[in-house]
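Remarks on the structure that follows.
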Amino acid sequence: MNENLFASFIAPTILGLPAAVLIILLPPLLIPTSKYLINNRLIATQQWLIQLTSKQMMTMHNAKGRTWSLMLMSLIIFIATTNLLGLLPHSFTPTTQLSMNLAMAIPLWAGAVTSGFRSKTKNALAHLLPQGTPTPLIPMLVIIETISLLIQPMALAVRLTANITAGHLLMHLIGSATLAMSTTNLPSALIIFTVLILLTMLEIAVALIQAYVFTLLVSLYLHENT
């Protein structure tokens, strides 16, 4: 069991070539679209959820910040579908890879911060020094605030990676325990299997919540700089 504990986090290959790119491109293909004037219930529900999320996330933004709405909605849909597909048996979850999450977090954070320094230079620099700071502490606080600013994309990526990875590891351990107990103690195996079902439901919620949290934090970074 210990040898295969992290096997699901290894990037898959096909004929020696990495298949992660194909897996990353798969979720957008699963989003249903409609070419008809009157949509069915699935499309209507999907559009309602997107409009509700977009309205909730973009309310605090000005006109310039709302130009990011399409990118943020695409981001939350991509992360949510990727996390949900990763819950399927024998599947690979790209969001368990810190490198991929950094590849999403760093450009979005850099774009928001760069936009802030271009449009609101004084306000962006003012964030590096809290108001009323004693003069001897100014160099130290500027360094601390600069480090806290630069660490934001790392915090975004690590938060998503840790939550998704922890859930998958826990499901793997409980599933292995259920399989091992099924041959020795059936009542205990049924209890553990019930816990596994409840944990799976929790992980579905975590997959959606983490997608929302990741996108919301990017939106907050954008709000601070527009």
Side-chain angles (χ1 to χ4, degrees), residues 21 23-87 93-127 148-161 163-164 204-226:
V21 176
I23 297 175
I24 292 173
L25 294 177
L26 178 62
L29 300 178
L30 301 178
I31 304 298
T33 57
S34 176
K35 300 179 181 179
Y36 302 101
L37 181 61
I38 301 178
N39 298 324
N40 56 29
R41 293 181 180 179
L42 178 61
I43 301 295
T45 304
Q46 172 187 305
Q47 292 179 349
W48 175 76
L49 288 174
I50 292 175
Q51 291 175 359
L52 180 64
T53 307
S54 177
K55 182 179 179 180
Q56 183 178 3
M57 197 170 294
M58 293 290 110
T59 302
M60 59 183 173
H61 289 279
N62 54 21
K64 184 177 181 180
R66 290 175 183 175
T67 58
W68 286 54
S69 58
L70 180 59
M71 181 182 297
L72 294 179
M73 288 302 101
S74 300
L75 178 67
I76 191 173
I77 291 173
F78 171 75
I79 297 177
T81 52
T82 303
N83 291 345
L84 291 175
L85 288 176
L87 295 175
T93 312
T95 47
T96 58
Q97 306 296 312
L98 183 60
S99 57
M100 175 181 167
N101 296 335
L102 283 173
M104 291 190 297
I106 292 178
L108 293 171
W109 168 85
V113 173
T114 303
S115 176
F117 274 99
R118 290 183 60 186
S119 60
K120 296 182 178 180
T121 306
K122 292 183 179 180
N123 291 339
L125 294 176
H127 286 301
S148 66
L149 177 65
L150 296 177
I151 208 173
Q152 286 178 351
M154 177 63 72
L156 271 178
V158 170
R159 181 186 295 106
L160 179 59
T161 304
N163 281 281
I164 300 302
I204 293 175
V206 168
L208 299 175
I209 291 172
Q210 287 304 315
Y212 179 77
V213 169
F214 188 97
T215 311
L216 180 62
L217 289 175
V218 173
S219 177
L220 290 177
Y221 297 154
L222 177 64
H223 176 64
E224 293 177 357
N225 292 279
T226 54

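Computed from a predicted structure; not experimentally measured. What you see below is based on every heavy atom in this structure, not just the backbone, and it leaves out hydrogens, waters and symmetry mates.
Using a 4.5 Å heavy-atom threshold, the side chains of Thr215 and Met57 count as touching. No side-chain heavy atom of Leu87 sits under 4.5 Å from any side-chain heavy atom of Asn83. Residues Val218 and Met104 form no side-chain contact, since every pair of their non-hydrogen atoms from C-beta on lies 4.5 Å or further apart.
Every side-chain contact (heavy atoms from CB on, under 4.5 Å) that Ile151 has, sequence neighbours left out, goes to Met154. Listed by chain and number, the residues in a side-chain contact (heavy atoms from CB on, under 4.5 Å) with His61 are Met58, Arg66, Ser219, Leu222, His223, Thr226 (sequence neighbours excluded).
Considering all non-hydrogen atoms of both residues, Asn225 and Ala112 come closest at CB-O, 3.1 Å. Taking each heavy atom of Thr93 and Gly86 in turn, the nearest pair found is OG1-CA, 3.0 Å. Taking every heavy atom of both residues into account, Leu84 and Leu208 meet most closely at CD1-CD2, 3.8 Å. Taking all atoms of both residues into account, the shortest heavy-atom contact from Ala110 to Thr114 is O-OG1, 2.6 Å. Listed here is the closest heavy atom pair of Asn101 and Phe214: O-CZ, 4.4 Å. Minimum interatomic distance between Leu156 and Ala105 (heavy atoms only, all atoms of both residues): CB-CB, 4.0 Å.
With rounding to the nearest 0.5 angstrom, the CD atom of Gln97 is 11.5 Å from the CG atom of Leu102. Taking OG1 of Thr53 as the reference point, atom CG of Leu216 lies at 11.0 Å (rounded to 0.5 Å). Taking OG of Ser54 as the start and CG of Leu49 as the end, the distance is 12.0 Å to the nearest 0.5 Å. Between atom CG of residue Leu149 and atom OH of residue Tyr221 there is a gap of 9.0 Å, rounded to the nearest 0.5 Å. To the nearest 0.5 Å, atom CD of residue Gln51 and atom CD of residue Gln56 are 14.0 Å apart.
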Check residues 71-80 and write down every donor-acceptor pair under 3.5 Å in which the side-chain atom is one partner and the other belongs to a residue at least two apart or another chain.
{"from": "Ser74", "atom 1": "OG", "to": "Leu70", "atom 2": "O", "distance (Å)": "2.8"}

Would you sort out whether Leu150 and Trp109 count as a side chain to side chain contact (heavy atoms under 4.5 Å, CB included), showing the intermediate values? CA-CA 9 Å; Leu150 296 177; Trp109 168 85; 3.8 Å; yes
Determine, stepwise, if the pair Leu217 / Arg159 fulfils side chain to side chain contact (heavy atoms under 4.5 Å, CB included). CA-CA 11 Å; Leu217 289 175; Arg159 181 186 295 106; 3.0 Å; yes
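Partner Thr95 forms a side chain to side chain contact (heavy atoms under 4.5 Å, CB included) with one of Ile164, Thr161, Asn163 and no other, that one being Ile164.
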